[in-house]
Amino acid sequence: MNLSFYTASGAASAQQKKINVISNNFANINTTAYKSKTATFSDLMYQDVANAQGAHLQQGTGVKVSQTDTDFSGEGAIRETGGKLDFAIVGDGFFATQDPEAEETLYTRDGRFMMTSIDDTPYLTTADGRLVLNSDGEFIEMTDLDENATLEEMNIGVYKVPIQNGMMPAGSNNFRLLEKNGEAEALEDPRLHRQCLEASNVDMAQEMSQAIEAQRAYSYSLKMVQTSDEVEQEVNSLRR
């Protein structure tokens, strides 16, 4: 009976984490270039038990959320903004950015750029102040350019990541590459829409369906916890 109690409580905990992931997707439905997240479940340990005929069966002990995957497969809709330094990537690829005081490169599809002066030199930066890299991996200096400069003049780099699965979220819609993702390479002929931004790829209907499913599973898990507790109390009363 203790096993049913802990199996059900573990399931409730896993479903609560899934609901948290779905809630985060809802909260970011209007976030530029946001990629929806999905909670992935995995089985806990199994144990062998014998039935009345002596045959060995496997008995599960529940599930857990093993990881949260990011869906890079679906592109968000392209919407016009009118901003001359707003860019949306069409197809695969990421903008590469660096912090002015660090050498680590992060990747994003959020193309809300601006001109920021650093040590009296204007550079093309992201909305959170990171320097945008060109196709050669260098900072884009805007000394002789303005917001009307052409794409060829700015040479904004768009980088392709060999394996997107498992890219680590780094906050502010940025992602960090791990060893398994491979080395990002600049695309020779990237497709960019100017004065446009990519919207979130969150599918409201799908998220609502998953939310209802997770809430019901959570409710059933709690009902199983309650039933297990009631049976345990009844067994204890019979022992008195």
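Remember, it's a predicted structure, so these values are computed and weren't measured experimentally. Scope of the values below: all heavy atoms of this structure, side chains included, with no hydrogens, waters or symmetry mates.
- Note that CG of Leu145 and CE of Met142 are 5.0 Å apart. Values are rounded to the nearest 0.5 Å.
- Transitive grouping of hydrophobic side chains (ILVMFWY, heavy atoms separated by less than 4.5 Å) keeps Phe175 and Met168 in distinct clusters.
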When you look at Arg194 and Thr150, which way does the side chain to side chain donor-acceptor pair (under 3.5 Å) test go after all the steps? CA-CA 10 Å; Arg194 193 165 190 175; Thr150 65; over 6 Å; no
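- Of the candidates Leu85, Ile89, Ile140, Leu133, Ile156 forms a side-chain contact (heavy atoms from CB on, under 4.5 Å) with just one, namely Ile140.
- Atoms CG and OG1, from Asn25 and Thr38 in turn, are 7.0 Å apart once rounded to the nearest 0.5 Å.
- Within the 4.5 Å cutoff, side-chain heavy atoms of Lys64 are placed close to those of Ser42.
- Side chain of Arg130 to backbone of Thr97: a donor-acceptor contact under 3.5 angstrom is found.
- Heavy atoms only, all atoms of each residue included: Val63 and Ala14 are closest at CG2-CB, 4.1 Å.
- Without hydrogens or angle criteria, Asn173 side chain to Thr32 main chain gives a donor-acceptor distance under 3.5 Å.
- The closest side-chain donor-acceptor pair between Ser172 and Asn174, if any, does not fall under 3.5 angstrom.
- Around the CE atom of Met115, the shell of radius 6.0 Å holds more than 12 heavy atoms that belong to other residues, nucleotides or ligands.
- Contact detail for Gln164 and Phe72: the closest heavy-atom pair is OE1-CB, 2.9 Å.
- A side-chain donor-acceptor contact under 3.5 Å links Asp146 to the backbone of Asn148.
- Gly166 and Leu178 get closest at one heavy-atom pair: O-CD1, 3.5 Å.
- Here the CD-CZ distance, from Glu147 to Phe113, works out to 14.5 Å after rounding to the nearest 0.5 Å.
- Closest approach of Asp203 and Ala205 over heavy atoms only: OD1-N, 3.1 Å.
- To the nearest 0.5 Å, atoms CD (Gln67) and CG (Asn165) are separated by 7.0 Å.
- With Glu198 contributing its side chain and Gly76 its backbone, the two residues share a donor-acceptor pair below 3.5 Å.
- Atoms CG and CG, from Leu177 and Leu106 in turn, are 8.5 Å apart once rounded to the nearest 0.5 Å.
- Linking ILVMFWY residues whenever their side-chain heavy atoms come closer than 4.5 Å, directly or via other members, places Val132 and Met154 in the same cluster.
- Proximity of a side-chain donor or acceptor of Ser36 to a complementary backbone N or O of Asn201 within less than 3.5 Å is not detected.
- Note on Val158: it clusters hydrophobically with Leu151, by side-chain heavy-atom contacts below 4.5 Å among ILVMFWY residues.
- Connection of Leu44 to Phe41 is not established within any shared hydrophobic cluster, with ILVMFWY side chains joined at heavy-atom distances below 4.5 Å, either directly or through further cluster members.
- Taken together through direct or relayed side-chain contacts under 4.5 Å among Ile, Leu, Val, Met, Phe, Trp and Tyr, Leu197 and Ile78 form parts of separate hydrophobic clusters.
- For the pair Gln15 (side chain) and Gln215 (backbone), a donor-acceptor distance under 3.5 Å is absent.
- Judged by distance alone, the side chain of Gln98 and the main-chain N or O of Thr105 form no donor-acceptor pair under 3.5 Å.
- Under the rule for a side-chain contact (heavy atoms from CB on, under 4.5 Å), the partners of Tyr220 that lie at least two apart in sequence or sit in another chain are Arg216.
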Test ring pair (Phe, Tyr, Trp, His ring centres under 6.0 Å) on Phe95 and Phe87 and set out the steps. CA-CA 10 Å; Phe95 299 112; Phe87 300 91; 7.1 Å; no
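- For Arg79, the CZ atom sits in a packed shell: over 12 heavy atoms of surrounding residues, nucleotides or ligands are nearer than 6.0 Å.
- A 4.5 Å side-chain heavy-atom check between Leu131 and Ile118 finds at least one atom pair inside the cut-off.
- Without hydrogens or angle criteria, Asp119 side chain to Thr121 main chain gives no donor-acceptor distance under 3.5 Å.
- Across all non-hydrogen atoms, the minimal contact from Cys196 to Thr81 is N-OG1, 3.9 Å.
- Between the side chain of Lys37 and the backbone N or O of Lys35 there is at least one donor-acceptor pair closer than 3.5 Å.
- Considering every non-hydrogen atom in both Ala96 and Tyr107, the closest pair reads CB-CE2, 3.8 Å.
- A side chain to side chain donor-acceptor pair (under 3.5 Å) with Tyr34 is found for one member of Asn24, Asp110, Thr70 and no other, namely Asn24.
- Side-chain N or O atoms of Ser4 include none that pairs as donor or acceptor with a backbone N or O of Ser228 at under 3.5 Å.
- Under the 4.5 Å side-chain criterion, counting only non-hydrogen atoms from C-beta, Val21 is not in contact with Lys17.
- Atom CD of Gln195 is separated from atom NZ of Lys84 by 7.0 Å, given to the nearest 0.5 angstrom.
- Side chains of Leu124 and Asn134 form no contact here, defined as non-hydrogen atoms less than 4.5 Å apart.
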